[in-house]
Protein chains: 2
Amino acid sequence: MAEAEAINVDLEIIVQGAQGRSKPELRLWLRMLSTTKLISQEIRRRLRAEFGATLPQFDLMAQLYREKDGLRLGELSKRTMVTNGNVTGLVERLEADGYVQRVTPDGDRRVTVATLTEAGMTLFAAMATAHEAWLQDMMADVDPRMTTALWSEIGTIKSSANNHLSGAAFE
Amino acid sequence: MAEAEAINVDLEIIVQGAQGRSKPELRLWLRMLSTTKLISQEIRRRLRAEFGATLPQFDLMAQLYREKDGLRLGELSKRTMVTNGNVTGLVERLEADGYVQRVTPDGDRRVTVATLTEAGMTLFAAMATAHEAWLQDMMADVDPRMTTALWSEIGTIKSSANNHLSGAAFE
DNA sequence: CAGGAATCTTTGACATTTCAAATATCTGCT
DNA sequence: AGCAGATATTTGAAATGTCAAAGATTCCTG
């Protein structure tokens, strides 16, 4: 009988015994990772099905949407946490589809600035609305107070991680 | 002078204004996503630098490590949350490197079972130890009580998401 | 103002990712 | 037996992802 059989048999079963034996940090990490993967995949599916777009495209357009003057590719790379080389291809495809425009400013010809076109803004606005609703839906069973608390607690994790990166010994 | 200039200018700045305007669920999601991305990238860098391995390879080997009898590719696919087609390639490369072995059982010739080789177990054991230490390091600034609490709270999110997937209308 | 260092983007080689279609094989039913 | 449908894996096309090296251009300094 089919059975839901969540695609999500888990991934939390990494490294250590079924559940108990591993250190709390590892357990937490595995759960964060699997949860994020689960939600990302769902969003990806829906973006594709309803808008024919990909998640990285959505991310990239989101950055441009709030910077009407556009962003240099390097800036885009940092904000989306995607490598430079990757941004090049992403922007190329979005440009081919007519959602993004590239311009080289007069001042500095090394630079490329990407901007959303009209079509891009229209598409993104629609996607953003749907995207927000999907998230509210997926988190419907979570107490709103927990949502807020989690936001701040995960901020602590993020800071901690940021302070312990390989190349980040700067104060 | 170089400046730390975290690769992490954020990604939380998606869709809505700098911080306030968006719904709590969206804010939480963006923060989860960026945090996970940050930590993943760090782990990837270190796996590559210290072991010449990739994160998906590590994940896959982790599953095989705790199932000495091996796993069918489909099972591996579910546990790693990676598509079937993807598992094929991952296993192929790991086999070429001598860390994994493929066998077709007599009973059912549709099936392929992957197992870790001796070399695979040795490598994975080393990686797992390092991996756990990296996580403890990256989460060093997080109160242990918070770590435990977060594990359970994120479990709530995961359940909620699981109950609101497109194709998961089962009870 | 020449030349090297710094900055920005692209390119190239690979690995990973997804989806859908194609292959194989097995199972159940008549 | 024989064939339709279910299972399991592979394949193929396209996008994304990383890193390192190459190209351009600008900046700085002697």
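Here is how names work: the chains are called A, B, and so on, in the same order as the sequence lines, proteins then strands, and each is numbered from 1.
Between A:Val111 and B:Leu55, the residue whose closest nucleotide on DNA chain C is further toward the 5' end is A:Val111. Between A:Asp106 and B:Gly74, the residue anchored nearer the 5' end of DNA chain D, judged by the nucleotide with its closest heavy atom, is B:Gly74. Ranked by how close their nearest DNA chain C nucleotide is to the 5' end, A:Glu92 and B:Asp108 are led by A:Glu92.
The side chain of A:Pro56 approaches D:dT16 more closely than any other nucleotide in the set C:dA15, D:dT16, C:dT9. Here D:dT25 is the nucleotide among D:dT25, D:dT9, D:dG17 with the atom lying nearest to any side-chain atom of A:Arg109. Distance from the side chain of A:Arg93 is smallest for D:dT16 among the nucleotides C:dT10, D:dT16, D:dT11. Closest to the side chain of A:Arg102, from the set C:dT10, C:dT18, D:dT9, is C:dT10. Considering only side-chain atoms of A:Leu90, the nucleotide from C:dT9, D:dT9, D:dG17 that sits closest is D:dG17. Distance from the side chain of A:Thr54 is smallest for D:dT16 among the nucleotides D:dT10, D:dT16, C:dT16. Among D:dA15, C:dT17, D:dT25, the nucleotide with an atom closest to any side-chain atom of B:Val82 is C:dT17. Nearest to the side chain of A:Leu73, among D:dG17, C:dC8, C:dT10, sits C:dT10. Between C:dT9, D:dA8, D:dT18, one nucleotide has an atom nearer to the side chain of B:Gln41 than all others, and that is D:dT18.
Applying the 4.0 Å criterion to OP1 and OP2 of C:dT17, one finds that B:Asn86 has a side-chain N or O inside that range. Residue B:Arg48 places no side-chain N or O under 4.0 Å from the OP1 or OP2 atom of D:dT18.
Separating the CZ atom of A:Arg46 from the P atom of C:dC19 is a distance of 14 Å, rounded to the nearest angstrom. For the pair A:Glu95 CD and C:dT9 P, the computed distance is 14 Å after rounding to whole Å. For A:Gln57 and C:dT17, the CD to C1' distance is 14 Å, given to the nearest whole Å. Atom-to-atom, CZ of A:Phe51 to P of D:dA15 comes out at 20 Å; the value is rounded to the nearest Å. The distance between atom CZ of B:Arg44 and atom P of D:dT16, rounded to the nearest whole Å, is 16 Å. For the pair B:Glu42 CD and D:dT18 C1', the interatomic distance rounds to 14 Å; values are reported in whole Å. What separates CG of A:Asn84 from P of D:dA20 is a distance of 13 Å, to the nearest Å. In this structure, the CD atom of A:Glu75 is 12 Å from the C1' atom of C:dC8, given to the nearest Å.
If you check every strand for non-hydrogen atoms under 4.0 Å, A:Thr112 touches sugar and phosphate atoms only. Within the 4.0 angstrom heavy-atom criterion, base atoms lie near B:Thr83.
Summarising the local packing, CZ of A:Arg48 is surrounded by 12 or fewer heavy atoms from other residues, nucleotides or ligands at distances under 6.0 Å.
In terms of polar N and O atoms assigned as donor or acceptor, the side chain of B:Arg110 comes within less than 3.5 Å of the base of D:dT7 in a complementary pairing.
Between B:Val87 and B:Thr83, every side-chain heavy-atom pair lies at or beyond the 4.5 Å cut-off.
Residues B:Ile154 and A:Ile39 share a hydrophobic cluster, clusters being chains of Ile/Leu/Val/Met/Phe/Trp/Tyr side chains in contact below 4.5 Å.
Ring centroid separation for the pair A:Phe124 and A:Phe58 comes in under the 6.0 Å cut-off.
Side-chain contact of A:Ser166 with B:Glu42: a donor-acceptor pair under 3.5 Å is present, judged by distance alone.
The pair A:Glu67-A:Arg79 counts as a salt bridge, with a side-chain nitrogen and a carboxylate oxygen less than 4.0 angstrom apart.
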